Number of protein chains: 2
Amino acid sequence: MNIIDESGILAISTRLQRLSEQLRKDGALFYKSYGIDFEPKWFPVVYTLHHKEVLSVVEIANEIGYTHPSTISLLKELEKQKLIRSKKDKVDERKRLISLTPKGQELIVKMKPVWDVMSSVLKEIADNQNNLLQAINEAETKLMHQSFLQRALQLKSEE
Amino acid sequence: MNIIDESGILAISTRLQRLSEQLRKDGALFYKSYGIDFEPKWFPVVYTLHHKEVLSVVEIANEIGYTHPSTISLLKELEKQKLIRSKKDKVDERKRLISLTPKGQELIVKMKPVWDVMSSVLKEIADNQNNLLQAINEAETKLMHQSFLQRALQLKSEE
DNA sequence: CAAAACTACGTAGTTAAATACATAAATAAA
DNA sequence: TTTATTTATGTATTTAACTACGTAGTTTTG
């Protein structure tokens, strides 16, 4: 549509956001088709706890790549679903140790075949010539080395 | 990090959202370095009006690819900045015809060199081997033909 | 070992988008 | 020409992330 947005990243993020919303809805419906009441957004936390067993709030946040406040709100939902539980760390009283409940573990067993299907469908969609993940990694790496602002200011001063 | 999120699109959208937030902040700072008070999110509307002169709310929404409520809130901000104005369409009384104010047009003249710099920096960042835009286009196209849910249900029934 | 700095967690508030709903004007159909 | 449908706009609410801030433990340092 235009010089900056079309070639840039600003509008792209809106499109990806929509894409992911669509996938979330479809994901939820697909779980439902197996008789499972599970929201795709819970997946990262549940999957992490499935492998790590016991983790603190901040540890989970780091694992799933969200800020801790975002993580806390996911944990609240999962606690309401009785899929996870938490108790104070006796060694470090600031920490809350989170783990799956038996109900949570049972659910994972039921969900595993669902995940397999989802996983291959997502591969089908995202594995393009122009790999989405790769493209983002490359852009992020470039910005890590030098921010947009730094690059822009430099170009400005060169004129 | 895991089978679905790392290879899929769910986490990718969060990362892109962050990327775009970063770019927005830097963009605003870069405008400021020219003494210009302009938020990058206003760009699509302003740029569209620069080329089309007079448009209704829904027409702008379609041009920039947002829903009309989102567009309305952008328009409100721009009106507060006195960069745009609107009047009722005499032919169709439902329509509000939006256009740039003289102040808005002056601002565009000042912003043009800034846009040139931004545009080349964004090219530098986004033009990777794995082109971001291309990758998204390909994923969207695939999903247009057959949704995630349809693909998943089909795979499920084949088992 | 007391003061300072850091870490873990939690809450409140913000943001940029979306949906869902409401109203009024214009057009089409009975 | 009334009635039904569609279109344009607007408002209210929701969502998923964020930042900013506060408090309470823990660790480091003078």
Side-chain angles (χ1 to χ4, degrees), chain A residues 5 9-28 39-45 54-80 84-98, chain B residues 5 9-28 39-45 54-80 84-98:
Chain A
D5 272 31
I9 295 178
L10 303 168
I12 288 178
S13 101
T14 310
R15 284 169 71 191
L16 254 230
Q17 218 174 306
R18 272 180 214 151
L19 245 176
S20 96
E21 261 160 44
Q22 238 179 280
L23 292 180
R24 268 189 206 175
K25 271 181 211 155
D26 275 16
E39 293 192 31
K41 66 176 167 179
W42 296 336
F43 173 81
V45 170
V54 180
L55 289 174
S56 73
V57 174
V58 172
E59 282 167 343
I60 293 175
N62 291 336
E63 286 283 336
I64 68 178
Y66 285 175
T67 58
H68 83 268
S70 307
T71 304
I72 285 172
S73 90
L74 285 173
L75 293 177
K76 272 185 185 160
E77 292 179 33
L78 286 166
E79 215 152 7
K80 197 178 281 173
I84 63 165
R85 69 183 154 201
S86 66
K87 60 171 181 186
K88 251 201 179 108
D89 185 339
K90 279 163 201 156
V91 185
D92 185 340
E93 294 253 296
R94 295 167 306 176
K95 282 187 187 165
R96 238 176 87 199
L97 296 177
I98 319 284
Chain B
D5 269 31
I9 296 178
L10 303 168
I12 288 178
S13 99
T14 310
R15 285 170 69 192
L16 253 230
Q17 218 174 306
R18 272 180 215 152
L19 245 176
S20 95
E21 261 160 44
Q22 236 179 280
L23 292 180
R24 268 187 206 176
K25 271 180 212 155
D26 275 16
E39 293 193 31
K41 66 175 167 180
W42 296 336
F43 174 80
V45 172
V54 179
L55 290 173
S56 73
V57 174
V58 172
E59 282 167 343
I60 293 174
N62 291 336
E63 286 282 336
I64 68 177
Y66 286 174
T67 58
H68 83 269
S70 307
T71 304
I72 286 173
S73 88
L74 285 174
L75 292 178
K76 272 184 184 160
E77 293 179 31
L78 286 167
E79 216 151 5
K80 198 179 281 172
I84 63 165
R85 68 182 154 201
S86 66
K87 59 172 182 183
K88 254 202 178 103
D89 185 339
K90 277 163 202 160
V91 185
D92 185 340
E93 293 254 298
R94 296 168 305 177
K95 281 188 186 164
R96 238 176 87 200
L97 297 178
I98 320 283

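In the text below, chain A, chain B and the rest are named by the order of the sequence lines, each starting its count at 1. These figures come from a predicted structure and were not determined experimentally.
At distances below 3.5 Å, not a single donor-acceptor pair connects side-chain atoms of A:E79 with backbone N or O atoms of A:K76. Within the 3.5 Å criterion, the main-chain N or O of B:T67 finds a donor-acceptor partner in the side chain of B:T71.
Heavy-atom nearest nucleotides on DNA chain C were determined for B:T71 and for A:V58, and the one closer to the 5' end corresponds to A:V58. Between A:K41 and B:E59, it is B:E59 whose nearest contact on DNA chain D lies nearer the 5' terminus. Two residues, B:D89 and A:S56, neighbour DNA chain C, and the one matched to the more 5' nucleotide by heavy-atom proximity is A:S56.
The nearest whole Å value for the distance from the CG atom in B:L55 to the C1' atom in D:dA8 is 14 Å. Whole-Å rounding puts the A:F43 CZ to D:dA16 P distance at 17 Å. Look at CD on A:E77: it is 10 Å from P on D:dA17, rounded to the nearest Å. When the P atom of D:dT14 is taken as reference, atom NZ of A:K25 falls 16 Å away, rounded to whole Å. D:dA16 atom C1' lies 7 Å from atom CZ of A:R24, rounded to whole Å. Atoms CD (B:Q17) and P (C:dA16) sit 11 Å apart, rounded to a whole Å. Atom-to-atom, CZ of A:R18 to C1' of C:dT19 comes out at 13 Å; the value is rounded to the nearest Å. Going from atom CG of A:L19 over to atom C1' of C:dA17 covers 15 Å, rounded to whole Å.
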Can you tabulate the close N/O pairs, meaning under 3.5 Å, that link protein atoms to atoms of nucleotides 10-12 of chain C?
| unit_1 | atom_1 | unit_2 | atom_2 | d |
| --- | --- | --- | --- | --- |
| C:dG10 | OP1 | A:R96 | NH1 | 2.8 |
| C:dG10 | OP2 | A:R96 | NH1 | 2.6 |
| C:dG10 | N7 | A:H68 | NE2 | 2.8 |
| C:dG10 | O6 | A:H68 | NE2 | 3.1 |
| C:dT11 | OP2 | A:K76 | NZ | 3.0 |

Give me the distances for all protein-to-nucleotides 2-7 of chain D N/O pairs that come in under 3.5 Å?
| unit_1 | atom_1 | unit_2 | atom_2 | d |
| --- | --- | --- | --- | --- |
| D:dT7 | O2 | B:R94 | NH1 | 2.6 |

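Residues B:D26 and B:Q22 are not in side-chain contact: their nearest non-hydrogen atoms beyond the backbone lie 4.5 Å or more apart.
Within the structure, a side-chain polar atom (N or O) of B:T67 is placed less than 4.0 Å from OP1 or OP2 of C:dA18. Note on A:Y66: every side-chain N or O is 4.0 Å or more away from OP1 and OP2 of D:dC18.
In terms of the salt bridge (Lys or Arg N to Asp or Glu O under 4.0 Å) criterion, A:E21 has no residue partners (sequence neighbours excluded).
If you check D:dA8, C:dA17, D:dC18 against the side chain of A:S70, the one that comes closest is D:dC18. Here the nucleotide nearest the side chain of A:E21, chosen from C:dA16, D:dA17, C:dA18, is C:dA18.
Closest of all the heavy-atom pairs between A:V91 and A:D89 is N-OD1, 2.8 Å.
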Please walk me through it: do B:I60 and B:Y66 pass side chain to side chain contact (heavy atoms under 4.5 Å, CB included)?
-> CA-CA 9 Å; B:I60 293 174; B:Y66 286 174; over 6 Å; no
Step by step, would you call B:L55 with B:L97 a side chain to side chain contact (heavy atoms under 4.5 Å, CB included)?
-> CA-CA 5 Å; B:L55 290 173; B:L97 297 178; over 6 Å; no
Which is it for B:E93 and B:K88 under the side chain to side chain contact (heavy atoms under 4.5 Å, CB included) test, yes or no, and what are the steps along the way?
-> CA-CA 6 Å; B:E93 293 254 298; B:K88 254 202 178 103; 4.3 Å; yes
Verdict with supporting geometry, B:L78 and B:V45, side chain to side chain contact (heavy atoms under 4.5 Å, CB included) | CA-CA 9 Å; B:L78 286 167; B:V45 172; 3.5 Å; yes
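Classification of B:E77 and B:K41 as a salt-bridged pair holds, one side-chain N sitting under 4.0 Å from a carboxylate O.
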